[in-house]
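Following this message is one structure expressed as structure tokens.
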Amino acid sequence: MSPVQLDTGQPVGVTWTLLGEDQGGLVRRTVLPGGLRVITEAMPTVRSASIGIWVGVGARDEASPLAGASHFLEHVLFKGTTTRTALDISAELDAVGGEMNAFTGKEFTCFHARVLDTDLPLAVDVLVDMVSRSLISAPDVESERGVILEEIAMNEDDPDDVVHDLICAQAWAGDPLGRPIAGPVVNVETITRDQVAGFHSDHYRPRDMVVAAAGNLDHDTVVALVRSAFGVALDVDGAPAGLRPYAPEVPFHPGASVVRRPTEQANVVLGLPGLHRLHERRHAGAVLTTALGGGMSSRLFQEVRERRGLAYSVYSFGAAYADTGLLGVYAGCAPGKIDQVLGLCREQLALAAKEGFDAEEVERAKGQLRGSVVLGLEDSGSRMSRIGKADLLHGEVVAIDEVVERIDAVTLDDVHELAGELLTADPALAVVGPFDDPARFAMT
């Protein structure tokens, strides 16, 4: 499959209306010099505004010696700029009751803030200052190195975090997609200031960024604020970067991985090859995942927890990337019950693959998805995230009603056919718990 490219036909300085007010919200986009995209959604009935700077680089874009660089950089950009100290950055948002944070994913990094609508100019100025004019000084790199090592240690003490990292490491062994976002400890301990600064210079370019904002705002005003805040950083040649190619597909590796922990509960994830995020059947995949283990009425919840009481937490989930995906089943149970739980999960997967789901299950899953889509977009932060990720990763912003229509269009046969394809694959397995013999979980 050939790479999908973002439509770059939008001229610099020209504003396009992507969605009208009658489509759930007025969404407009402007391309600034250097290829920087500014996209906004007006929400005139709220008093807040949220802004995010989405950068098209994440953990899977790092060479092995720099694994963890995206996450490290996310931390260091809060440490000070040419005009603000670390205290200034936090104090200015605190003083107006604002919220600010950042997160790193496999394929992107986001810096975001939520403020009163009247304080949006301040939020724009602070975030752009951090992203484009951070000092990335040697003392700050050393200081944050310790913080990140503590974060890794904290995650290592959480078996839930460990098992989800482990399933990725097993399923995509040997590929950057299988590495933990924070990177290995040895990299965090040895990465230099010049390496972090070089990563910033290479990847934090206007053409690779989307500035998204939602709330009680005016698009043209936001564009002017962003242009002013970036300043001469926009005086470069460039067009918006295309979407990440999704060929060839990352190989999926069946098999079992076990990490021994003296825990009171075993944590297990069964993983199957899923759909990439632009797959034409992704909505059927979402319905399938929801019917399988997406709620209290789902197959897995009913069979594992309600009828047999074998686990407190059991659910299915999906993870979609540019070229691949994962359909996962998680369960947490007493170590002595893990064989029963795994056996029952595999039994339900095989049954769903063979017989599918009944009409009531599918309609219930569709209703759950419709509700989560609509109810999850009732604040400016979620609206900002939706349009920011859509522009950066999907190349389109779809109206909410159209998303609901695509979910509604999924048929019983669609789900049955997809279940027969996805749920019969050889699975990957990740187990964290008090087990000494990994061979007992061999996927035979």
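Count residues from 1 along the sequence.
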Determine whether the side chains of Arg133 and Thr83 contain a donor N or O and an acceptor N or O closer than 3.5 Å.
no
Is it the case that the side chain of Ser298 and the backbone of Gly295 share a donor-acceptor pair, with hydrogens and angles ignored and the cut-off at 3.5 Å?
yes
Could you check whether atom CD of Glu21 has more than 12 heavy atoms from other residues, nucleotides or ligands sitting under 6.0 Å from it?
no
About how many Å separate CG of Leu66 and CG of Asp202, when rounded to the nearest 0.5 Å?
9.0 Å
Scan side-chain atoms only and decide if Ser137 and Asp140 contain a donor-acceptor pair under the 3.5 Å cut-off.
yes
Has Asp426 got more than 12 heavy atoms of other residues, nucleotides or ligands less than 6.0 Å from its CG?
no
Is any side-chain heavy atom of Leu288 closer than 4.5 Å to a side-chain heavy atom of Leu423?
yes
Please assess Phe103 against His71 for the test ring-ring contact (aromatic ring centres under 6.0 Å, His included), listing each intermediate value before the final yes or no.
CA-CA 8 Å; Phe103 59 92; His71 179 254; over 10 Å; no
Starting from the C-alpha separation in whole Å, work towards a yes-or-no answer on side-chain contact (heavy atoms from CB on, under 4.5 Å) for Val329 and Phe317.
CA-CA 6 Å; Val329 172; Phe317 63 93; over 6 Å; no
Rounded to the nearest 0.5 Å, what separation is found between the SG atom of Cys110 and the NZ atom of Lys389?
9.0 Å
Check whether the side chains of Ser134 and Thr81 place a donor and an acceptor atom closer than 3.5 Å, and report yes or no.
no
Minimum side-chain heavy-atom gap Val38-Arg29 below 4.5 Å:
no
Pairing donors with acceptors under 3.5 angstrom, does anything connect the side chains of His112 and Ser50?
no
Counting neighbours of CD on Glu264 that are heavy atoms of other residues, nucleotides or ligands and sit closer than 6.0 Å, is the number greater than 12?
no
Do Glu99 and Leu93 have side-chain heavy atoms sitting under 4.5 Å apart?
no
Test side-chain contact (heavy atoms from CB on, under 4.5 Å) on Glu62 and Ser70; report intermediate values, then the result.
CA-CA 8 Å; Glu62 303 156 346; Ser70 297; 2.9 Å; yes
Check: Glu74/Thr109 side-chain N/O donor and acceptor closer than 3.5 Å:
no
Are there over 12 heavy-atom neighbours, none belonging to Tyr312, within less than 6.0 Å of that residue's OH?
no
Any side-chain heavy-atom pair of His219 and Val223 under 4.5 Å
yes
Residues Arg261 and Glu156 bridged, charged N to O under 4.0 Å
yes
So, for Phe72 and His200, is the gap between ring centers shorter than 6.0 Å?
no
Taking the side chain as C-beta and beyond, is there a heavy-atom pair between Trp16 and Pro11 under 4.5 Å?
yes
Salt bridge check, Arg84 against Asp125: does any charged N sit closer than 4.0 Å to a carboxylate O?
yes
To the nearest 0.5 Å, what is the distance between CD (Gln170) and CG (Asp165)?
13.5 Å
If I take atom CE from residue Met43 and atom OG from residue Ser48, how far apart are they, to the nearest 0.5 angstrom?
6.5 Å
Distance check, rounded to the nearest 0.5 Å: Arg145 atom CZ versus Thr190 atom OG1?
7.0 Å
Aromatic plane relationship, Trp172 with Tyr321 - under 30° parallel, 30 to 60° tilted, over 60° perpendicular:
perpendicular
If you measure from the Lys or Arg side-chain nitrogens to the Asp or Glu carboxylate oxygens, is any gap between Asp323 and Arg60 under 4.0 Å?
yes
Can you tell me how the ring of Phe441 sits relative to the ring of Phe435, calling it parallel under 30°, perpendicular over 60° and tilted otherwise?
perpendicular
Are side-chain N/O atoms of His276 and Thr324 paired as donor and acceptor at under 3.5 Å?
no
CZ on Phe199 to CD1 on Ile191, rounded to 0.5 Å:
8.5 Å
Side-chain heavy-atom pair Asn267, Val162 within 4.5 angstrom cut-off
no
So, Asp408 side chain and Glu405 main chain: donor-acceptor pair closer than 3.5 Å or not?
no
